[in-house]
Every structure is written in C-alpha cells, then in structure tokens.
Protein chains: 2
Amino acid sequence: MFSKSCEYAIKAMIFVAQKSKDEARVSLKEIAKGTDAPEHFIAKIMQELGRKRLVQSIKGPNGGFYMTEKNLQTSITDIVKAIDGDKLYLDCVLGLKACSEVNPCPVHFEYKEIKRNLIKMMDTNTIGKFNEKLDSGSFFLKNL
Amino acid sequence: MFSKSCEYAIKAMIFVAQKSKDEARVSLKEIAKGTDAPEHFIAKIMQELGRKRLVQSIKGPNGGFYMTEKNLQTSITDIVKAIDGDKLYLDCVLGLKACSEVNPCPVHFEYKEIKRNLIKMMDTNTIGKFNEKLDSGSFFLKNL
DNA sequence: AAATTAAAAGAGTTTTTTATCTTTTTATAA
DNA sequence: TTATAAAAAGATAAAAAACTCTTTTAATTT
Ligand code: SF4
Ligand code: SF4
C-alpha cells in the first residue's frame with residue numbers, strides 16, 4: 001500500500017513525537033535505531049519531511065529533530081502525500097482508466113466504501129492522537 | 001496496493017473471460033491491446049497464470065487463452081496471491097513488527113475492520129461474477 | 001511431412017526504489 | 001574563533017520491478 005520510504009516516514013514521525021517532549025531533540029541515529037531503518041536512508045526521508053515542515057530540525061551539537069504543536073496535528077494522510085504523493089487517493093486499485101460514477105466497474109460501489117473508510121482513518125488519525133493513545137497505556141508500539 | 005503486474009493480471013483475466021465464450025481462444029496480441037499492457041510483459045504474466053491453472057492456454061494456429069467453468073470461479077484474491085504472493089494478506093500497512101491483538105497499535109481496530117472488508121470484497125468477487133455483472137449491462141469496463 | 005502459427009521459455013535491458021558513502025553547511029560549545 | 005557535532009546535500013551503488021527481444025516448443029493446416 002505505502003512505499004517503504006513512507007512506512008519509515010510514518011514510524012519516524014511517531015518516534016520523534018514520542019521521544020521529543022518539550023522540544024527535546026532526537027538525533028538521526030536514534031531515529032534510525034528506533035524505526036529499524038538504514039541511517040542514511042531515513043536521513044533522506046527526514047530531510048524531505050523537514051523541507052515540507054512536517055517536522056522541525058536543527059543542525060549542530062545538540063541538534064536533531066522535534067515537533068511543534070502544529071506538527072503534532074499532522075495526519076497519516078499528510079505524511080503519505082508528502083512522501084508517496086497523492087496517487088493512493090486519486091487512483092483506483094484496478095488501475096482502470098475512464099471509469100466513473102455513471103460508468104462504474106462491477107466492484108466500484110463496494111470498493112468506494114472501503115476506500116472512503118481507509119481515507120477517513122488516515123485523515124483523522126494524527127501523530128498527536130497516536131501519541132496520546134500510546135501515552136494512555138492502552139495501545140502499544142513494540143518494535144516501532 | 002497491487003503491483004503493476006497484478007493489475008494487468010486482473011484486467012487480463014476479466015478480458016479473457018469476456019472475450020472467450022464457449023472456449024473461443026483469445027490471443028496474446030488481443031489481450032495486450034485490450035488491457036493496454038506491453039505484449040511481452042503480459043505474456044510473462046499469462047504464462048504464470050497458465051502455470052498456476054487460473055487460465056487455459058493452447059499453442060499453435062488458432063491457439064490462445066480461454067477459461068473453463070472452474071477458472072471463472074477464480075477470485076480477485078486468487079489472482080493477487082498468484083502474482084504478488086500473500087504479503088498483502090499477512091502484512092499490515094504500517095509494517096510494524098511484533099504487534100498483536102493484545103498489544104495493538106493505536107489504529108489497529110480501525111484498520112482491522114477496513115482490511116477485513118477489503119479482503120471480503122476480493123474473496124467474494126470472482127471473475128465469473130464480474131463477468132455476469134458486465135453482461136447484465138448495469139456495469140462497464142471502459143478502457144479495460 | 002513441411003510450413004505456419006501462437007504460446008512458452010530464456011536472456012537481456014531500462015527504470016524505479018532502496019540503500020550507502022562522501023562532502024558541505026550550520027549551529028553549538030570550548 | 002576554532003573545534004566539534006549534527007543535519008543537508010550530492011553522488012553512487014545495489015536490488016527489485018517493469019519492460020523487451022530472441023529462441024524454442026507445440027499445435028494446426030496444407
Ligand atoms: S469503477 Fe470504481 S472501482 Fe472500478 S476501476 Fe473505476 S474507480 Fe475503481
Ligand atoms: S497493531 Fe494492527 S494495525 Fe497496528 S501495525 Fe500491528 S497489525 Fe497493523
């Protein structure tokens with residue numbers, strides 16, 4: 001569904017949110033370790049997320065990544081669109097061209113409902129909410 | 001969600017089912033044209049589907065691909081598993097390790113329901129049903 | 001039986017994705 | 001104000017996916 005880069009991005013965003021309370025910085029090394037991603041690969045991804053202002057970064061000694069209140073409002077959708085683009089939102093599984101509401105393929109209405117739910121989930125689940133649920137202790141992220 | 005190969009496979013299966021009533025054969029060229037896929041690429045895919053007996057093939061003059069009654073009972077799931085394997089069914093979107101019902105991540109229950117619906121759709125929609133709906137005229141496959 | 005047709009099989013090539021390595025820039029601290 | 005720490009940027013490299021070309025095998029038709 002998502003590219004590997006995108007999976008890492010989601011994990012990294014959650015990881016930074018978890019580790020960086022009160023603007024404490026999280027280093028690339030920690031992120032790489034915490035998300036089980038290759039260090040230089042996750043570096044590229046963090047750069048992209050940083051460029052798109054989904055996360056804050058500071059160079060130099062004691063530098064690293066952290067999140068603002070606004071960053072915590074980032075949804076899964078925001079991350080996916082930043083890394084994989086919006087093809088997941090625009091395209092259909094079947095990859096058919098020229099189909100529409102008036103000319104639907106046999107699975108259109110079933111599929112549409114599933115997709116609607118999926119997108120709703122990705123739109124409404126923000127990093128911040130994710131974080132709160134984790135903090136509450138009823139949810140977990142083993143081997144994040 | 002699916003690989004390109006898998007999308008072609010689904011389209012090709014539907015195309016063959018539509019074109020080959022009463023064991024009439026459909027040639028690779030026709031399939032390539034009908035599915036908008038590169039001829040030699042779809043050839044490989046048809047070979048694989050043939051090897052796994054999801055479609056029948058006959059060589060030589062007047063040869064080509066066709067479907068038996070049993071082939072028409074092939075579900076989307078069968079095609080996906082034949083081409084992409086079952087990672088879509090086993091893995092989670094988030095790609096987290098070591099998560100479970102007792103240690104669920106914050107989106108687990110929401111996601112589980114969506115996945116259940118998606119798999120149900122793929123399990124229950126067979127090429128034959130797809131075909132019937134198309135024949136009935138209330139559904140379409142423009143630019144299949 | 002020979003010629004022909006069409007898929008199967010095998011062997012590339014190209015493109016995209018994933019991953020790694022090196023150099024540069026920026027901020028901090030001594 | 002120099003040394004250092006850490007991210008940004010740039011350049012490769014490896015692996016996987018998508019696509020192409022060539023040869024072989026198996027039917028069919030003449
Ligand atoms: S009709 Fe709907 S479900 Fe079918 S291919 Fe088009 S967008 Fe997808
Ligand atoms: S807990 Fe459930 S939803 Fe979350 S990563 Fe694991 S399988 Fe996926």
Side-chain angles (χ1 to χ4, degrees), chain A residues 1-13 15-16 19-20 23-67 80 82-85 87-88 95, chain B residues 1-13 15-16 19-20 23-67 80 82-85 87-88 95:
Chain A
M1 175 124 70
F2 304 143
S3 71
K4 208 92 183 285
S5 299
C6 192
E7 284 182 9
Y8 287 145
I10 296 171
K11 290 193 213 177
M13 288 287 283
F15 185 81
V16 172
K19 288 274 171 178
S20 126
E23 309 223 337
R25 287 83 186 264
V26 189
S27 76
L28 266 176
K29 274 206 177 72
E30 290 176 88
I31 298 173
K33 215 170 207 174
T35 58
D36 235 332
E39 191 178 328
H40 290 103
F41 191 42
I42 197 85
K44 291 291 170 203
I45 295 164
M46 294 311 292
Q47 273 166 39
E48 187 60 26
L49 293 172
R51 251 182 256 118
K52 298 204 167 142
R53 301 288 162 204
L54 268 55
V55 69
Q56 307 305 313
S57 76
I58 290 190
K59 289 182 181 178
N62 201 30
F65 298 84
Y66 66 95
M67 297 215 160
V80 172
I83 303 297
D84 283 350
K87 58 182 190 305
L88 176 65
Chain B
M1 174 125 71
F2 304 143
S3 69
K4 209 90 183 286
S5 298
C6 192
E7 283 181 9
Y8 287 147
I10 296 170
K11 290 194 213 176
M13 288 288 283
F15 185 80
V16 172
K19 286 276 170 175
S20 126
E23 310 222 339
R25 287 83 187 263
V26 189
S27 76
L28 265 176
K29 274 207 177 69
E30 289 176 89
I31 298 173
K33 216 170 208 175
T35 59
D36 236 330
E39 190 178 328
H40 291 102
F41 192 42
I42 198 87
K44 291 292 171 199
I45 295 164
M46 293 310 292
Q47 275 165 40
E48 187 60 26
L49 294 173
R51 253 184 254 116
K52 298 202 168 144
R53 301 286 162 206
L54 269 55
V55 69
Q56 308 304 313
S57 76
I58 290 189
K59 288 182 181 179
N62 199 30
F65 298 84
Y66 67 94
M67 297 215 161
V80 172
I83 302 297
D84 282 350
K87 57 180 189 308
L88 177 63

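Chain naming here is simple, since letters A, B, ... match the order of the sequence lines and numbering starts at 1 in each. What you see is a predicted model; the values in this text were computed from it and never measured.
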A.B. asks: Between dA5(D) atom P and Glu30(A) atom CD, what is the distance in whole Å?
C.D. replies: 16 Å

A.B. asks: Both Cys6(A) and Gly60(A) contact DNA chain C. Which one's nearest nucleotide lies toward the 5' end?
C.D. replies: Cys6(A)

A.B. asks: So, is Tyr8(B) near the phosphate of dC19(D), with a side-chain N or O under 4.0 Å from OP1 or OP2?
C.D. replies: yes

A.B. asks: Classify Arg25(B) by what it touches in the nucleic acid, base, sugar-phosphate, or nothing, heavy-atom distance under 4.0 Å.
C.D. replies: nothing

A.B. asks: Which heavy atom of Leu54(A) sits nearest a heavy atom of Ala82(A), and at what distance?
C.D. replies: CD2-CB, 4.0 Å

A.B. asks: Using whole Å, report how far CD1 of Ile83(B) lies from P of dA17(D).
C.D. replies: 13 Å

A.B. asks: Residues two or more places apart in sequence or in another chain: which of them pass salt bridge (charged side-chain N to carboxylate O under 4.0 Å, His left out) with Arg53(A)?
C.D. replies: none

A.B. asks: Can you tell me how far CD of Glu23(B) sits from OH of Tyr66(B), rounded to the nearest 0.5 angstrom?
C.D. replies: 5.0 Å

A.B. asks: Return the 5'-most residue of the pair Gly64(A), Pro38(B) with respect to DNA chain D, ranking by each residue's nearest nucleotide.
C.D. replies: Gly64(A)

A.B. asks: If the cut-off is 4.0 Å, is Lys4(B) near the phosphate of dC19(D), judged by side-chain N/O to OP1 or OP2?
C.D. replies: yes

A.B. asks: Whole angstroms only, please: what is the CG-C1' distance between Leu28(B) and dA26(D)?
C.D. replies: 15 Å

A.B. asks: From C-beta outward on Lys59(A), which listed nucleotide comes closest to its side chain: dA8(D), dT4(D), dC21(D)?
C.D. replies: dA8(D)

A.B. asks: Between dC19(D) atom P and Glu7(B) atom CD, what is the distance in whole Å?
C.D. replies: 10 Å

A.B. asks: Less than 4.0 angstrom between a side-chain N/O of Ser5(B) and OP1 or OP2 of dA18(D), yes or no?
C.D. replies: yes

A.B. asks: Nearest 0.5 angstrom please: Arg25(A) CZ to Ile58(A) CD1, how far?
C.D. replies: 3.5 Å

A.B. asks: Is Arg51(A) salt-bridged to Glu48(A), going by a charged N under 4.0 Å from an acidic O?
C.D. replies: yes

A.B. asks: State whether the distance check finds a donor on one side and an acceptor on the other, under 3.5 Å, for side chain Lys29(A) versus base dA6(D).
C.D. replies: no

A.B. asks: Taking the side chain of Phe41(B) as its heavy atoms from C-beta onward, which of dT20(D), dA7(D), dA5(D) lies nearest to it?
C.D. replies: dT20(D)

A.B. asks: Tell me: NZ of Lys44(B) to C1' of dT23(D), nearest whole Å?
C.D. replies: 11 Å

A.B. asks: Nearest-Å distance, CG (Asp36(B)) to P (dA18(D))?
C.D. replies: 16 Å

A.B. asks: Using modelled atom types and a 3.5 Å cut-off, is there a donor and acceptor pairing between side-chain atoms of Asp84(B) and backbone atoms of Ser3(B)?
C.D. replies: yes

A.B. asks: Would you indicate which nucleotide in dA9(D), dA27(D), dT20(D) comes nearest to any side-chain atom of His40(B)?
C.D. replies: dT20(D)

A.B. asks: To the nearest angstrom, how far is Arg51(A) atom CZ from dA8(D) atom P?
C.D. replies: 8 Å

A.B. asks: Supply the atom-to-atom distance Lys29(B) NZ to Ile42(B) CD1, rounded to the nearest 0.5 angstrom.
C.D. replies: 14.5 Å

A.B. asks: So where does chain A start and stop touching DNA chain C, 5' to 3', when the test is distance under 4.0 Å to a non-hydrogen atom?
C.D. replies: dT18(C) to dT28(C)

A.B. asks: Within this structure, what is the CD-to-C1' distance between Gln47(A) and dA11(D), rounded to whole angstrom?
C.D. replies: 13 Å

A.B. asks: side-chain contact (heavy atoms from CB on, under 4.5 Å) for Phe65(B) and Lys19(B)? Distances and angles first, verdict last.
C.D. replies: CA-CA 10 Å; Phe65(B) 298 84; Lys19(B) 286 276 170 175; over 6 Å; no

